[in-house]
Amino acid sequence: KETDEQRARAKALELRDDALVNVKLGLKSRSGSFQDIYSQWNRSTEGNKSERRRADQLSEARRYFFPFFAHVGKRFSLIQESDVEGYWAWRRAFWTTGEGAKLKKADRERIKKGANLKRRRAGKAALSSRGNVVEVPSQKSCEMAAGHLRELWKWAVRNGHAVRVLEIDAKGQGRAVKKNAKQYGAADSRRGWFDDDEYKKLTTFLRSWAKGKSAEDNLSRLTARHLYGRRLLRDLFLFMTNSGLRTGEAKQLRWKNVQ
């Protein structure tokens, strides 16, 4: 809202001109912001996508898309490929020099001041220092983000919020995955993993370690609390390796998510 009459008139004329342009282009008379259109699209997918998928997409949008396109400062119908191209550099810098770096610093300060102790006493989840966040997104993550945006624009065109689907390409925008020559040669780009012998050796060790019966253990120094923590770690390892969950996904998992 404007309190100055002259600026209010100028804003009203700007909105009127936008509406006239949209009508001539066959769009809805009032073009919302990126966040407005995204929210409408997200609601429209209810019943067509799993709740987990919708939640993951909304989480990505809130963390990255909303602040970036708010910075672009254009109504959805006026966003062009050149605007979207700027997203990749912004995203790569997010956790190193951008807004994400500020979030990490703020979290560390709050943890130092005892925020987690207060949260635990209140029955709330502890804050994370976000120390395990991948600072530069992988190429696969960028490609998935590009697909996410293309899906949004296709819906926007069908529903009169945009004239055309933007050409959104994330090629070469993400972090190159380190090569793994362990079994598949230097050309293989998959991340490292346990082979069958390593997995068997580790699970065999964990069975005895969780009971305090490994060769390095001194049972006289192990308490029930130590053994309980070991059993939790063993179970977490087995669950993650057999489900494929990432560390962050496993930490957020709750009983209500298990069917």
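Position 1 is the first residue of the sequence, and the numbers go up from there.
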task: Salt-bridge test for R231 and D235: reply yes if a basic N is under 4.0 Å from a carboxylate O, no otherwise.
output: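 Salt bridge: no.
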More than 12 heavy atoms of other groups within 6.0 Å of F205 CZ: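 Enclosed.
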If you take all heavy atoms of [X] and [Y], which pair is closest and at what distance?
X	Y	value
L233	W209	CD2-CH2, 3.6 Å
R164	V157	C-CG2, 3.3 Å
P137	C142	CG-SG, 3.9 Å
I168	V84	CG2-CG1, 4.0 Å
R62	P67	O-CD, 3.4 Å
L78	K74	O-CD, 3.7 Å

Linked hydrophobic residues, M240 as query - side chain contacts closer than 4.5 Å: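 Traced through the cluster, M240 reaches L236.
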task: Output all residues satisfying ring pair (Phe, Tyr, Trp, His ring centres under 6.0 Å) with W153, sequence neighbours left out; order by chain, then residue number.
output: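 Checked W153 against ring pair (Phe, Tyr, Trp, His ring centres under 6.0 Å); matches are F76.
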message: Test of understanding: with ring pair (Phe, Tyr, Trp, His ring centres under 6.0 Å), list the residues that count as partners of F94, not counting sequence neighbours.
response: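 Per chain and number, F94 pairs via ring pair (Phe, Tyr, Trp, His ring centres under 6.0 Å) with Y64, W90.
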Test of understanding: with side chain to side chain contact (heavy atoms under 4.5 Å, CB included), list the residues that count as partners of [X], not counting sequence neighbours.
X	answer
F239	S243, L245, L253
T97	A93
R207	T204
A70	none

When rounded to the nearest 0.5 angstrom, what distance separates [atom1] in [X] from [atom2] in [Y]?
X	Y	atom1	atom2	answer
R53	L58	CZ	CG	12.0 Å
K211	L227	NZ	CG	11.5 Å
S39	F34	OG	CZ	9.0 Å
R230	L206	CZ	CG	10.0 Å

Tell me, do [X] and [Y] make a side-chain contact under 4.5 Å, heavy atoms counted?
X	Y	value
Q35	F69	no
F68	R91	no
R63	L103	yes
H161	W41	no
V72	Y87	no
Q57	T45	no

task: Say whether M144 and F66 are linked into one hydrophobic cluster, either directly or through other cluster members, by side-chain heavy-atom distances under 4.5 angstrom.
output: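 No.
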Whether R175 side chain and V136 backbone form a donor-acceptor pair below 3.5 Å: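 Yes: the side chain of R175 pairs with the backbone of V136.
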query: Donor-acceptor pair, D36 side chain versus S33 backbone, under 3.5 Å?
result: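 At least one qualifying donor-acceptor pair exists.
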task: Could you list all the salt bridge (charged side-chain N to carboxylate O under 4.0 Å, His left out) pairs where at least one residue sits in residues 38-51, not counting sequence neighbours?
output: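 The answer is K49-E151, E51-R54.
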message: Holding to salt bridge (charged side-chain N to carboxylate O under 4.0 Å, His left out), I want the full list of residues that pass it with K154, two or more places apart in sequence or in another chain.
response: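 Result, salt bridge (charged side-chain N to carboxylate O under 4.0 Å, His left out) vs K154: none returned.
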field: With R225 via salt bridge (charged side-chain N to carboxylate O under 4.0 Å, His left out) - residues at least two apart
entry: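 Salt bridge (charged side-chain N to carboxylate O under 4.0 Å, His left out) list for R225, sorted by chain: empty.
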task: Walk me through it: do R92 and Q173 pass the test side-chain contact (heavy atoms from CB on, under 4.5 Å)?
output: CA-CA 8 Å; R92 288 193 299 271; Q173 298 295 346; 2.8 Å; yes
message: Please enumerate all residues that pass side-chain hydrogen bond (donor to acceptor under 3.5 Å, both in side chains) together with E99, with sequence neighbours excluded.
response: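 Once residues adjacent in sequence are excluded, E99 has no partner under the side-chain hydrogen bond (donor to acceptor under 3.5 Å, both in side chains) criterion.
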- request: Identify, with sequence neighbours excluded, every residue that meets side-chain hydrogen bond (donor to acceptor under 3.5 Å, both in side chains) alongside E167.
  value: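 Per chain and number, E167 pairs via side-chain hydrogen bond (donor to acceptor under 3.5 Å, both in side chains) with no residue.
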Partner of E249 by side-chain contact (heavy atoms from CB on, under 4.5 Å), out of R246, K251, Q252: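 The option that passes is R246.
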